[in-house]
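Letters go in sequence order (proteins before strands), and every chain restarts at 1.
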Amino acid sequence: MKKHLTLLATVALLASPAVAQDLTVTSFGGAYGAAQKEHMIDPFVAETGVNILFEDYGGGVAEMKAQVEAGNIQWDVVDIEVIDLERACAEGYLEVLDQSVLPDGDDGTAAADDFIPDALANECGVGNIVWSVVFAVNTENGPGPESIADFFDTEAFPGKRGLRKRPQVNMEWALIADGVAPEDVYATLSTDEGQARAFAKLDTIKDDIVWYDSWSQAPVLLNDGGAQMVQSANGRIFAAIKDDGAPFSIVWDSHVYDLDVWAIMKGSPNLETAMEFVKSATRTVPLSGMQDVAYGPTRKSAQALLPESVKQDLPTAHLDEGLKADGIFWADYGESLGEKFNEWLLQ
Amino acid sequence: MTAATPNLDRADARNAAREARKRKLQAFLFVVPLLVFIIFAFVAPITTMLYRSIHNPTVANLVPETLAALAEWSGDDMPDDAVLIQFAADMKRMANDRTSGKLADEINRALPGMSSVVKSTARALRRVDDAEIASNGATLLKDANDRWADPATWRALKAAGKPYTDSYYLTSVDLERDADRSIVQRDTQIYVKLYTKTLRMALIITLLTVLLGYPLAFYMAHASDKMANFLMVFVLLPFWTSLLVRTTAWIALLQTNGVVNSTLMALGIADEPLEMLYTQFSTVIAMTHILLPFMVLPLYSVMRGIDQSYMRAALSMGSKPLGAWYKIYLPMSLPGLSAGALLVFIISVGYYITPALVGGTDGQMISNIIAFHMQTSNNWELAAALGSLLLVIILLLYWLFDRFVGASNIKLG
Amino acid sequence: MKRFPEYFTFWHIAGHYGLRVFAFLVLLFLMLPILVIMPLSFNAEPFFTFTEGMLALDAEAYSIRWYQEILDDQKWLLAIRNSFVVGFAAATIATVLGTVAAVGLSSPWMPYKRIITALLLSPMIVPLIIIAAGMFFFYTQFNLVGTYGGLIIAHAALGVPFVIITVTATLSGFDRSLFVAGLSLGASPVKVFWDVVIPLIRPGVISGGLFAFVTSFDEVVLVLFLAAPNNAPFRARCFPGCANRSIQPSLRLRPCLSCSRRRCCSHWKRCADVPQR
């Protein structure tokens with residue numbers, strides 16, 4: 001009967017293979033993704049012949065959670081911020097990695113000594129870059145704000161502010177702008193009053209905020225006039241200035257610095273290939289390539305390869321002005337603050 | 001049976017009945033394959049979703065022993081130390097299985113703020129050895145966080161442990177249960193406002209499509225055939241263009257440096273760019289555009305069938321055009337109008353893509369929040385409850401539509 | 001000058017022309033987005049606005065680079081292929097099952113006609129987001145999420161109402177006595193269906209099938225929930241939020257359009273995706 005035929009046809013269609021994808025690697029796209037493609041993905045593909053689908057995502061753990069809880073793992077390797085890593089690891093969305101198999105640095109230093117300590121601090125990840133959340137201004141119309149307090153001062157500095165739509169970093173900035181000392185920020189945020197205080201400070205600029213979802217949008221917003229100042233990963237702005245000659249300047253005041261790591265999705269069907277990729281991508285030379293977008297490498301041997309001229313643009317040159325993102329805090333409070341943040345947005 | 005029925009003998013009646021049954025069965029058999037398919041592919045998924053909105057066994061599966069121990073507990077003061085020790089052991093197990101995060105999420109929904117308590121406690125207990133927990137678990141737990149010394153925490157755990165709950169429906173209408181299990185308003189009122197906003201926006205969109213679509217359909221219906229066909233191309237072209245293309249086009253039109261703003265500034269109407277994109281305004285405009293053909297097509301097909309001589313007669317006898325239209329034409333075009341209006345309204349109530357792309361924070365509709373809970377906050381049960389409420393609204397409208405207009409009036413142009 | 005009946009006053013005539021002007025303005029509103037987006041797809045700049053060069057009709061300001069990019073990118077080609085595979089399979093299932101069912105539904109002896117019709121048409125009425133959520137939960141249990149099979153089944157369900165509507169409409173003009181005649185001559189119902197009914201209702205079946213295909217081809221929401229990266233059809237790649245699947249994918253879009261004979265289909269890529277060197 002005809003239904004039978006259709007069934008057969010359908011089965012035949014289903015059996016037809018998609019283009020073979022041996023590995024799906026997910027990262028943040030934009031200039032950063034381009035640098036990763038050049039220094040990490042392409043060399044690995046050339047060496048091993050493994051076919052890689054290089055996908056973008058906007059960060060956060062929601063998608064990993066959905067994949068693991070639905071038992072439908074679509075990603076293999078994922079680039080994740082440490083701010084999300086603690087939580088993703090503690091909640092079982094990532095594989096625990098054997099860090100002892102990582103190759104030595106090119107100068108012969110053992111991996112355990114070559115990586116900076118934070119890079120291997122979590123058992124689910126291998127450090128990739130040191131980067132920072134800064135804000136940047138478009139200097140086309142003269143000088144702009146210079147501190148995080150200015151960022152929250154809509155009278156002195158009118159105009160739209162681009163912020164990434166999540167509580168992370170925004171809550172920290174709100175408290176610092178409200179006068180909380182950087183070292184007390186996370187202790188304050190642990191209390192209901194502290195959270196209310198942060199939301200109250202954010203309320204003062206709520207009407208002037210343009211929310212975006214993915215780091216790659218930040219330079220675009222700044223460029224096309226959608227915002228006068230934007231929160232951004234430092235490398236995006238650096239790349240826009242260096243490669244496109246954009247009239248942007250980076251404000252390092254109260255930047256929140258963090259690591260990105262490579263991690264592997266729990267239950268990845270390509271665990272071995274995924275681990276090979278992580279090992280390959282975190283060797284000395286690929287890591288040093290991240291200087292293209294002003295992200296500091298997580299191996300000492302790779303830092304040694306950087307020219308002096310680049311170092312001043314790296315977050316590591318500005319650590320005294322900054323705040324270290326607290327992955328443990330966000331592991332504990334990410335979910336509840338995320339829901340509060342969303343309700344606040346909708347009010 | 002009345003006397004008018006011709007006399008039939010029993011065998012004839014039986015035969016006729018058997019024949020009727022056979023034909024019914026035959027007709028039904030044709031429908032069976034599709035019915036089975038739709039039930040599997042469509043009805044069952046939606047039913048599962050409805051079920052999920054009241055059934056959530058996560059906590060019951062995670063800490064069954066603790067819940068069993070809590071079953072005896074009255075709920076007034078602290079549970080026995082045995083319960084706390086059992087729970088401390090469960091926490092250690094979950095910390096090592098990496099399932100404590102799930103428990104944290106669930107308890108946090110019953111008692112906000114608990115997420116961090118559960119997670120930090122799990123981390124504190126992860127490396128403690130079993131013997132220590134067995135002897136000293138209650139103290140360890142209270143030391144890890146003093147909220148474990150609060151009976152309210154344990155009431156929340158017990159409440160979260162019930163596999164069946166109405167709490168998601170309560171949340172979706174901005175209610176919750178307080179410590180005494182009585183229903184009160186939530187601190188943050190969002191969802192009712194969102195439903196109202198969604199319905200209001202759908203209504204505005206429907207009115208706009210009527211305002212724009214009715215005169216257009218009227219003009220087309222009474223133009224020459226050639227003209228009507230020519231104009232129809234311009235209605236159908238956008239209709240057949242991808243939804244995403246049209247939505248994106250509105251971004252190009254409405255953005256800060258977009259076509260509309262540039263034109264307004266070039267004409268000197270505006271001094272600086274108006275903020276139109278990522279607002280309710282842009283959602284309403286783009287959706288009106290996208291749904292306008294759904295109004296024009298049924299209106300047109302009804303208006304084409306209206307005999308014009310009635311209007312002409314009224315006009316020739318001195319009736320004012322508007323009066324004649326109101327008294328004569330409008331009633332005759334009403335089937336098309338109601339079909340179009342309900343179609344547009346139903347579709348716009350459940351719209352997702354366009355508000356997501358052009359709506360900003362302000363122009364979000366209920367569908368977008370459902371998607372948010374599906375994909376970002378991973379609160380699937382709440383998403384299911386919100387979706388079920390939306391479904392009830394839509395089905396009610398569809399029922400009204402079917403009752404007063406008839407579902408078979410849906411025309412595809 | 002057009003001649004009006006003599007009982008027309010000034011207001012009648014003003015109304016007549018007013019209506020005409022208004023109708024053309026509405027048509028302009030309908031066409032405006034399409035008129036705007038087509039030239040933008042040839043923008044040489046990676047921004048989604050008209051550049052000065054474009055307005056000055058400077059040939060330099062126009063380019064086919066975005067079309068080129070799609071044709072050069074394996075991701076996009078895979079997505080296009082997926083669109084056709086899924087669309088074709090889903091339309092086939094919907095058309096076959098829908099046509100057979102429509103024959104049953106238009107029989108005067110069909111029991112529970114009203115409720116069954118309502119049930120079969122419901123995929124058109126229920127909001128996509130609800131369908132997507134339900135299917136995501138349900139298909140997960142059968143490991144259908146992230147597979148071609150899941151997407152095809154989902155899209156076939158969406159296409160069914162269109163097939164039912166068009167085929168039932170064609171069947172309403174169909175003389176049932178032909179069916180009965182076939183049966184009385186001893187043919188099986190299947191044979192009658194195949195040899196008599198199908199040739200007569202072919203136009204309705206074809207247009208229903210086309211509707212089902214287009215529905216699948218243009219569908220994004222289910223895809224966002226049910227597809228995996230390597231079987232995502234074209235539309236999902238076009239949806240800028242697919243990268244982060246959040247509620248406000250306010251990315252700047254860059255479209256390019258290719259107008260085929262019947263309908264326009266368009267292709268996006270996010271600006272920020274382009275390697276910046």
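Between B:H289 and C:F29, the angle of the ring planes goes over 60°, which puts this pair in the perpendicular group of the 30/60° scheme.
Judged as a side-chain hydrogen bond (donor to acceptor under 3.5 Å, both in side chains), and not counting sequence neighbours, B:S367 has no contacts.
Contact count against chain C (heavy-atom pairs under 4.5 Å) is highest for B:P238 among B:P238, B:G387, B:G213, B:P293. Among the candidates C:S106, C:S122, C:P108, C:P123, the residue making the largest number of heavy-atom pairs closer than 4.5 Å to chain B is C:P123. Put simply, of C:Y139, C:F193, C:F137, the one with the most heavy-atom pairs under 4.5 Å next to chain B is C:F137. Among the candidates C:S107, C:A94, C:A101, the residue making the largest number of heavy-atom pairs closer than 4.5 Å to chain B is C:A101. Contact tally against chain C (heavy-atom pairs below 4.5 Å) for B:I370, B:L315, B:I346: the top residue is B:L315. Chain B forms more heavy-atom pairs under 4.5 Å with one residue of C:V160, C:V103, C:L105 than with any other, namely C:V160.
Put simply, the side chain of C:F22 reaches to within 4.5 Å of the side chain of B:L212, judged on heavy atoms. C:Q141 is listed as a side-chain neighbour of B:T48, based on a closest heavy-atom distance under 4.5 Å. Within the 4.5 Å cutoff, no side-chain heavy atoms of C:F138 are placed close to those of B:R52. Considering only heavy atoms from C-beta on, C:L30 comes within 4.5 Å of B:L216 through its side chain. C:L128 places none of its side-chain heavy atoms less than 4.5 Å from the side chain of B:Y352. Contact annotation: the side chain of C:V26 approaches that of B:L292 to within less than 4.5 Å [non-hydrogen atoms, C-beta and beyond]. Side-chain contact between C:P127 and B:L390 is present, with at least one heavy-atom pair separated by less than 4.5 Å. Residues B:L391 and C:V126 have side chains in contact (heavy-atom distance under 4.5 Å, counting atoms from C-beta outward).
Heavy-atom distances place no part of B:L397 under 4.5 Å from chain C, backbone and side chain included. At a 4.5 Å heavy-atom cutoff, the contact between B:V235 and chain C is made by backbone and side-chain atoms alike. In this structure, the portion of B:S319 lying under 4.5 Å from any heavy atom of chain C is its backbone and not its side chain. Heavy atoms closer than 4.5 Å to chain C are found nowhere in B:M365, neither backbone nor side chain. Heavy atoms closer than 4.5 Å to chain C are found in the backbone of B:L211, but not in its side chain.
In this structure, C:F142 places its CZ atom where more than 12 heavy-atom neighbours from other residues, nucleotides or ligands lie under 6.0 Å away.
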Mind listing the side-chain donor-acceptor pairs of residues 22-45 of chain B below 3.5 Å, one per line with the distance, residues two or more places apart or on another chain?
none

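Note that the CG atom of B:L244 and the CG atom of C:D218 stand 6.5 Å from one another [nearest 0.5 Å]. Residue B:M232 holds its CE atom at 10.0 Å from CG of C:L27, rounded to the nearest 0.5 Å.
Contact detail for C:P33 and B:L253: the closest heavy-atom pair is CA-CD1, 4.1 Å.
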